[in-house]
Every structure is written in structure tokens, then in C-alpha cells.
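Naming: A, B, ... by sequence-line order, numbering from 1 per chain.
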Amino acid sequence: MPELPEVEILVRHLAPLLKGKTIRGVEVRRPKVLAPTTERELVRSLRGAKFTGLSRRGKYLLFSLRRPKRRDPLLLVGHLGMTGRMYLMPKSATLPKHAAVVLDLGRTRMVYEDTRYFGRLTLDRGGLEKLGPEPLGPDFTAAYFAVNLERSRQPIKVKLLDQTLVAGVGNIYASEALFRARISPRLAANKLSAGQIKNLRQAIREVLTEAIGSGSTLPLDFAGNGGRDGLFYYGGSGDESSFYQERLLVYDRQGQPCIRCRSPIKRLVQGARSTFYCVGCQRA
DNA sequence: CACCATGTTCCTTG
DNA sequence: CCAAGGAACATGGT
């Protein structure tokens with residue numbers, strides 16, 4: 001479930017639900033997701049703390065908390081990895097098989113579940129400092145982008161996944177942005193023209209913005225979705241997944257005709273990850 | 001059994 | 001020191 005748009009949608013959904021809630025208890029079922037924070041450390045820090053805000057940096061979730069009798073704020077950092085999800089659920093409902101951390105909020109509880117346990121929920125903020133600018137923020141300028149692409153000979157698709165270049169673009173939206181900008185995923189980063197750099201920057205921003213816009217129209221209540229939180233994500237089942245797929249023009253569409261030129265969409269492997277592109281409109 | 005999967009980090013090699 | 005490539009992490013779907 002995790003690229004910038006999905007995390008942003010989750011943040012907007014959870015922020016008002018969490019604000020003002022006090023953590024009564026903490027249950028850690030998979031201590032590895034806390035690393036390098038220990039279970040004892042997390043429980044001691046969070047018990048009694050109150051949520052004051054929730055924001056996002058790249059694909060990271062930033063939970064702001066205030067502890068009783070303390071002025072200094074506490075920051076809880078979340079990352080969903082490949083399969084992580086977070087939602088509130090009633091205490092009467094059964095916990096999912098791969099619940100990693102459960103926060104008791106009184107009437108409800110917040111669950112962080114993660115099938116593959118690649119994500120994390122931790123007090124460690126290492127990694128945040130290394131992140132590049134927010135793609136939708138003011139620092140992601142064409143000039144910044146150009147300077148940082150110049151020094152790399154990596155294929156542009158691979159470079160887009162570098163979170164120190166720009167924070168939040170993942171494997172799906174990297175392919176989507178390159179398709180929109182009509183740039184070959186194999187083109188070396190330092191070979192992009194000034195025009196291509198401008199187009200790609202704009203394509204990244206549009207692809208992410210549109211994805212956030214589509215998501216916000218969906219229901220997000222746990223109760224209204226038969227046990228799911230309503231967040232659509234690739235690999236999910238039912239309506240959520242098909243809705244998501246319609247928004248993707250090349251990702252996972254190998255063999256299908258390009259919507260612009262009818263050429264077949266191809267799949268290739270770069271840096272051990274799949275890339276999807278149109279052989280007709282994304283020439284090197 | 002084979003291969004694939006939205007992410008990040010660590011290790012090796014050059 | 002840096003860049004690049006690949007494996008590892010863990011589980012499930014097809």
C-alpha cells in the first residue's frame with residue numbers, strides 16, 4: 001500500500017481520528033518492526049501519551065505526541081514497507097493475523113498490520129534526514145532536479161526510486177511518470193535534456209497529485225468495508241484494486257496496447273524491479 | 001515447484 | 001570515498 005499518495009491519503013484519514021486520543025496501552029506482537037527501538041522503550045514512551053498531530057515525509061508517517069507532565073514532544077515514525085496498513089478498529093473485532101503493533105486508545109484501537117513485516121513503527125528517526133525534497137513541495141525545482149540528475153549515469157527509472165533525490169516516488173509511480181513524460185526508462189539520468197527534466201518533474205507532480213485526488217473520494221472507514229480500511233492498493237482484492245488499476249496507464253499492463261499509440265506495453269527488469277513502458281512513445 | 005510482489009538496507013565489487 | 005548491482009528481509013498470490 002505504500003507510495004507517497006497512499007501514505008498521504010492515510011494521513012488525511014487518520015489525522016482527525018487520532019487527534020486528542022490517549023494511548024492507554026501498547027501491545028507489540030512483532031518486535032522487529034520497532035528496531036532499533038526496543039519493546040520496553042516504546043511501551044514506556046507511548047503509554048499515557050496523547051496524539052497531537054499526524055503528518056507525512058516521503059513515505060514516512062510522522063505521529064506527534066505529547067506526554068503528561070512533559071513539554072518536549074515525542075515523534076513516532078511509521079513506514080508501511082510493501083504490505084503495511086494502519087487503521088482504527090473496534091475492540092470487539094478480531095485482530096488480523098499479521099498485526100505487528102496494537103495501540104489501545106480506549107474505545108478503539110489502532111492497528112499496524114504488515115504481512116511481510118518490512119515496514120516499521122519506531123521512535124528512531126534515522127532515515128528522515130537523508131530524504132530528498134517533497135515532490136509536491138517548493139524545494140523540488142527543475143534546477144534542483146537537473147543538478148542532481150547530472151551526476152548520475154543510472155537509468156532514470158532506477159534514479160527516481162532514490163529517496164535522497166526526491167522523497168516518495170516508488171516503483172509504480174516511477175513508471176507512470178516516465179510514461180506521462182514520454183521518456184525511456186533506460187535513458188541515463190545525465191542524458192536527459194533540460195526539456196525532458198522539466199517535463200518529468202511536472203509529470204511526477206501530476207501523477208502523484210491525481211493519485212491523491214482519486215483516493216480521497218473513496219470511503220475510508222474500517223466499519224464500512226467488512227474488515228478492510230477501504231484504502232485501495234495494488235494487489236488488493238475486489239473493487240478497490242480494479243479502481244486503482246484504472247488509474248495506472250502502464251504499470252502491470254505488459255502486452256496491452258498503449259492508450260496513446262496502441263503500441264504494446266513492455267515489461268523490463270531494472271535494478272531487480274519491474275519497469276513498464278510503451279515502446280512507441282517512450283523511445284531512447 | 002516456479003516466479004512475482006507498492007520498500008529499504010546491507011554487502012560486495014569495481 | 002563513491003557508484004552500481006544484487007541479495008536479504010518474510011509472506012502470500014498465481
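- The CG atom of Asp162(A) sits 14 Å away from the P atom of dC2(C) (whole-angstrom rounding).
- A salt bridge is absent between Glu176(A) and Arg247(A); no separation between the charged side-chain nitrogens and carboxylate oxygens falls under 4.0 Å.
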What nitrogen or oxygen pairs link the protein and nucleotides 7-14 of chain B at under 3.5 Å?
residue, atom, partner, partner atom, Å
dG7(B), OP1, Lys59(A), NZ, 2.8
dG7(B), OP2, Asn171(A), N, 3.0
dG7(B), OP2, Arg273(A), NH1, 3.4
dG7(B), OP2, Arg273(A), NH2, 3.1
dT8(B), OP1, His79(A), NE2, 2.9
dT8(B), OP2, Lys59(A), NZ, 3.1

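- Taking atom P in both dA10(C) and dC11(B), one finds a spacing of 15 Å when rounded to whole Å.
- The CG atom of Asp114(A) sits 18 Å away from the P atom of dA5(B) (whole-angstrom rounding).
- For the pair Arg151(A) CZ and dA4(C) C1', the interatomic distance rounds to 16 Å; values are reported in whole Å.
- Of the C1' atoms belonging to dT9(B) and dG12(C), the separation is 22 Å, rounded to the nearest Å.
- Counted by atom type alone, Ser274(A) and Arg267(A) present one or more donor-acceptor pairs between their side chains at under 3.5 Å.
- A gap of 16 Å separates the P atoms of dA7(C) and dA2(B), to the nearest Å.
- To the nearest angstrom, P of dG5(C) lies 11 Å from CZ of Arg153(A).
- One interatomic measurement links the two molecules: CG of Leu165(A) to P of dA4(C), which rounds to 12 Å at whole-angstrom precision.
- The separation between Glu113(A) atom CD and dG12(C) atom P is 11 Å, rounded to whole Å.
- For Arg201(A), there are no salt bridge (Lys or Arg N to Asp or Glu O under 4.0 Å) partners two or more places apart in sequence or in a different chain.
- Listed by first then second residue, pairs satisfying ring pair (Phe, Tyr, Trp, His ring centres under 6.0 Å) with a partner in residues 258-284 of chain A read Tyr251(A)-Phe276(A), not counting sequence neighbours.
- Of the candidate nucleotides dG12(C), dA4(C), dA10(C), dG12(C) has the atom lying nearest to any side-chain atom of Thr115(A).
- Taking a pair as Watson-Crick or G-U wobble with both distances under 3.5 Å, the runs of three or more consecutive pairs in DNA chain B are B:2-5 with C:11-14, B:7-14 with C:2-9.
- Looking at residues two or more places apart in sequence or on another chain, you find a side chain to side chain contact (heavy atoms under 4.5 Å, CB included) between Thr164(A) and Lys130(A), Asp162(A).
- Dashed line: the shortest gap from a side-chain N or O of His98(A) to OP1 or OP2 of dA10(C) is not under 4.0 Å.
- Applying the salt bridge (Lys or Arg N to Asp or Glu O under 4.0 Å) rule to Arg70(A) yields the partners Asp72(A); only residues at least two apart in sequence or on another chain are considered.
- Residue pairs meeting the salt bridge (Lys or Arg N to Asp or Glu O under 4.0 Å) criterion with at least one partner in residues 26-54 of chain A, sequence neighbours excluded, are Glu27(A)-Arg29(A).
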Listed pairs under 3.5 Å, donor-acceptor, residues 19-26 of chain A side chains, sequence neighbours left out:
residue, atom, partner, partner atom, Å
Lys21(A), NZ, Leu17(A), O, 2.9

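- At a threshold of 4.0 angstrom between heavy atoms, the contacts of Arg30(A) are confined to the sugar-phosphate backbone, with no base atom among them.
- With sequence neighbours excluded, no residue satisfies salt bridge (Lys or Arg N to Asp or Glu O under 4.0 Å) with Arg186(A).
- As judged by a 4.0 angstrom heavy-atom cut-off over every strand, Lys97(A) is placed among residues touching the sugar-phosphate backbone only.
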